[in-house]
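Start at 1 and go down the list; that is how both ligands and their atoms are numbered. No experiment lies behind these values; they were computed from the predicted model shown.
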Amino acid sequence: MNILTFPTNEMLDEAAAGLIASNLQENPFCVLGLATGSTPVGVYSKLAEWNQAGKFSFRNAQTVNLDEYLGLPQDHPQSYYSFMKTKLFRHIDLPGEMAYIPDGSTPDAQEECRRYDRILERNPVQLQLLGLGHNGHIGFNEPDRGLKAGTHIVKLDPQTRQANARFFGSADQVPTHAITMGMAGILKAGTILLVVRGQDKAEIVRRALTGPITTDCPASLLQTHPRLIVMLDQEAGRLLA
Ligand code: F6R
């Protein structure tokens, strides 16, 4: 595991975007695993800026997103589809049909999970970008007695709904369920880039990276990945030795 700590958000964004950009430059056909939430917003705006400046192209790339709320239509302002469109896709030259996100409005969510796993099988992720939930979730793999390998429907933890209430107005309005890539889907990526910011995440960063590997903290399974790169701001990294 390679842990890098940055003194400013700007430097963290540049380093994370730089790693994604160099993957695209080395392999223009690469498959990128993407995340939503507040963590990657600055990373996406750097990527958009550099893409528009012609430093690299997404024209031949593909993206697969980690998760989507169940029951939200794609055009709902808080769907992860809308998020990706607003924060990244609208600003880059990635062809629309090359961006995969689970369909949260599907009438058959189980079949949507199977369809998504087939997409992941056909398009192995080269670099997976991850954020970290306060409870140790990655994607929406919430702490539990057991974790699932494949894409599945998950009941969101009350803590997760509370954390995401800021986007919806109140925790009650946050959907109760989501579709998420499973742990095997995430851990299969060639390289994993975990980005975490803020002192409120310092304790979970410590548990995830230095604590026991346990399903109580799904991110702790990242310790088993042979190519894990962690990028933190100083606050998120303050409890690491
Ligand atoms: C989002 C996702 C989640 C977030 C996590 C952190 O696609 O998979 O695991 O990365 O909840 O969210 P933020 O970045 O909003 O703190």
request  = Consider ligand 1: state whether an atom of it lies below 4.0 angstrom from any non-hydrogen atom of Met84.
outcome  = no

Sidechain-backbone polar pair: Thr210 side chain, Arg207 backbone, donor-acceptor under 3.5 Å = no

remark   = Counting from 1 in the order shown, the ligand 1 atoms closer than 4.0 Å to a non-hydrogen atom of Gly139 are 2 (C), 3 (C), 8 (O), 9 (O)

message = Quick test: of every protein heavy atom, which one is nearest to atom 5 (C) of ligand 1, and how far off is it to 0.1 Å?
response = His137 NE2, 3.4 Å

inquiry  = Which option wins on minimum heavy-atom distance to atom 2 (C) of ligand 1: Leu129, Asp67, Leu130?
reply    = Asp67

For Leu66, atoms of ligand 1 separated by under 4.0 Å from a heavy atom = 8 (O)

task = Ignoring hydrogens and angles, tell me if any N or O in the side chain of Ser220 forms a donor-acceptor pair with the backbone of Cys217 under 3.5 Å.
result = yes

Ligand 1 atoms in contact with Gly131 (distance to a heavy atom under 4.0 Å) = 10 (O)

ask   = What protein heavy atom sits nearest atom 6 (C) of ligand 1, and how far off is it?
value = Leu132 O, 3.5 Å

task = Can you pull out the closest protein heavy atom to atom 16 (O) of ligand 1? Residue, atom name and distance to 0.1 Å, please.
result = Lys201 NZ, 2.8 Å

inquiry  = Glu49 vs Lys46, test: salt bridge (charged side-chain N to carboxylate O under 4.0 Å, His left out). Steps then yes/no.
reply    = CA-CA 5 Å; Glu49 181 191 319; Lys46 275 274 156 244; 3.4 Å; yes

query = Quick check: does any side chain N or O of Thr215 sit under 3.5 Å from a backbone N or O of Asp144, one acting as donor and the other as acceptor?
reply = yes

message = For His134, state whether at least one heavy atom is located under 4.0 Å from any atom of ligand 1.
response = no

message = Looking at Arg114, I'd like to know if its CZ atom is crowded, meaning that more than 12 non-hydrogen atoms belonging to other residues, nucleotides or ligands lie closer than 6.0 Å.
response = yes

query = If only atom types and distance count, is the side chain of Asp200 paired as donor or acceptor with the main-chain N or O of His134 below 3.5 Å?
reply = no

request  = Heavy-atom distances under 4.0 Å are what count here, so tell me which part of Arg166 touches ligand 1: side chain, backbone, both or neither.
outcome  = side chain

ask   = Which atoms of ligand 1 sit under 4.0 Å from any heavy atom of Gly37?
value = 14 (O), 15 (O)

inquiry  = With respect to Asn164, determine whether any N or O atom, backbone or side chain, lies less than 3.5 Å from an N or O atom of ligand 1.
reply    = no

ask   = Should the pair Tyr80 and Tyr69 be assigned to parallel (<30°), tilted (30 to 60°) or perpendicular (>60°) ring geometry?
value = tilted

inquiry  = Need the ligand 1 atom indices (1-based, order shown) with element for anything under 4.0 Å from a heavy-atom of Thr39.
reply    = 13 (P), 14 (O), 16 (O)

query = Is Asn141 reaching over with its side chain to a backbone N or O of Ile138, donor-acceptor style, under 3.5 angstrom?
reply = yes

query = If you measure every N/O of Thr36 against every N/O of ligand 1, is any gap under 3.5 Å?
reply = yes

query = Has the side chain of Tyr44 got a donor or acceptor atom that lies under 3.5 Å from a matching backbone atom of Thr86?
reply = no

